[in-house]
Amino acid sequence: MVRFTLNGKNIEYDGEEISLLRWLRYTLRIASVKDGCSGQGACGACLIEIDGKAKLACRQKMADMEGKNMVTIEGFPKELKETLGRAFVASGAVQCGFCSPGMLTRTKNLLTNNPNPTRQEAAQAVKPHLCRCTGYVKIVDAILLAAEKLRDGKSVEYDTHEIGKSAPKFQAYERAVGEPLFADGMYFDDQYLGALHLSEHPRARILKIDTSKAEAVEGVVKVLTYKDVPGKRRIGMITKDWDAYIAEGEITRYVGDVIACVIADKMLTARHAATLIDVEYEVLEPLTDMTLAEHSDIRIHESGNLLK
Ligand code: FES
Ligand code: FES
């Protein structure tokens with residue numbers, strides 16, 4: 001039994017040995033704590049406060065939480081939460097909002113220890129965070145604006161949706177504080193969950209895909225490969241040049257290429273089974289800018305083969 005507090009509530013935990021992120025997201029369904037890199041500690045999206053320090057929830061184990069005091073954005077004091085969220089909205093620092101709760105938690109932590117940070121200190125503070133869409137200039141602007149308003153005890157104002165005025169992004173405040181659900185945060189009764197098996201090599205010919213071990217795992221409903229896609233497998237917003245699955249005989253183009261997808265009743269089951277898929281590769285030389293610069297006579301056939 002592990003005892004701790006979360007957002008002011010006393011909790012007794014006697015469950016599976018899982019990460020704190022997994023428990024917050026998938027048991028409590030706290031939307032603001034995002035899973036951006038599934039435990040690699042690389043994105044900052046899962047940042048929460050533990051005993052007053054900013055910590056990555058994906059790197060904490062439930063067993064180590066004894067006696068801890070945890071706070072997510074849902075537990076921030078109301079005025080502080082509003083000032084931070086509104087500063088991000090007013091500065092245009094929220095686009096999709098996936099990184100924003102982690103950024104807000106980082107901002108809270110920074111301003112608690114340093115209420116008047118320099119621009120450089122604010123930039124340094126968000127270095128461990130990945131934002132794929134806003135860019136960091138506006139995020140640093142937002143941190144400095146929040147700091148100023150908190151020091152002055154004033155609220156952050158911004159134009160509302162009026163003709164002739166610049167308007168905040170749709171649902172920007174809700175995104176900033178982590179309320180909207182992304183696909184991974186949506187739950188339905190009796191839903192299945194999927195996990196991908198990705199290419200191990202940036203450039204390799206797939207010789208054989210063996211899904212039998214994954215299919216034998218209890219709870220696995222189906223393992224999808226290229227064979228399950230009727231018609232053309234190429235997808236893309238503008239040009240359809242991205243293979244939805246790589247087939248046997250085809251060549252991968254990066255380590256994110258999908259070889260198979262395991263569908264199971266539980267996420268951990270799907271993820272475990274995805275690791276059991278055996279793929280035989282013929283590893284090839286990756287194509288890099290340097291490869292191409294060194295060989296100006298190389299062209300790439302759509303099969304991924306090099307042509308001279
Ligand atoms: S999910 Fe924790 S750092 Fe990315
Ligand atoms: S990742 Fe989309 S706003 Fe940062």
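When reading the values below, keep in mind they use all heavy atoms of this one structure, side chains included, and skip hydrogens, waters and symmetry mates. No experiment lies behind these values; they were computed from the predicted model shown. In each ligand, atom 1 is the first atom listed, and ligand 1 is the first ligand listed.
Note on atom 4 (Fe) of ligand 1: protein N/O/S atoms under 2.8 Å are Cys37 SG, Cys43 SG.
No side-chain N or O of Glu82 forms a donor-acceptor pair with one of Ser155 less than 3.5 Å apart. Side-chain atoms of Glu74 and Thr72 form a donor-acceptor pair, as typed in the model, at a separation below 3.5 Å.
Here 2 is the count of protein N, O or S atoms positioned under 2.8 Å from atom 2 (Fe) of ligand 2, waters not counted.
Every residue two or more places apart in sequence or in another chain was checked for a salt bridge (charged side-chain N to carboxylate O under 4.0 Å, His left out) with Lys232, and none qualifies. In this structure Asp51 satisfies the salt bridge (charged side-chain N to carboxylate O under 4.0 Å, His left out) test with no other residue, sequence neighbours excluded.
A cation-pi arrangement, defined by a distance under 6.0 Å to the six-membered ring centre and an angle within 45 degrees of its axis, is absent between Arg233 and Tyr226. A cation-pi arrangement is absent between Lys34 and Phe182 under the rule of less than 6.0 angstrom and at most 45 degrees off the ring axis.
Ring geometry for Tyr281 against His201 counts as perpendicular: the plane angle is over 60°, on a 0 to 90° scale with 30° as the lower cut.
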task = Go through the steps to decide whether Ser38 and Asp35 satisfy the test side chain to side chain donor-acceptor pair (under 3.5 Å), and finish with yes or no.
result = CA-CA 6 Å; Ser38 292; Asp35 180 357; 3.2 Å; yes
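Using a cut-off of 4.0 Å between Lys/Arg side-chain N and Asp/Glu carboxylate O, Arg205 and Glu282 are scored as salt-bridged.
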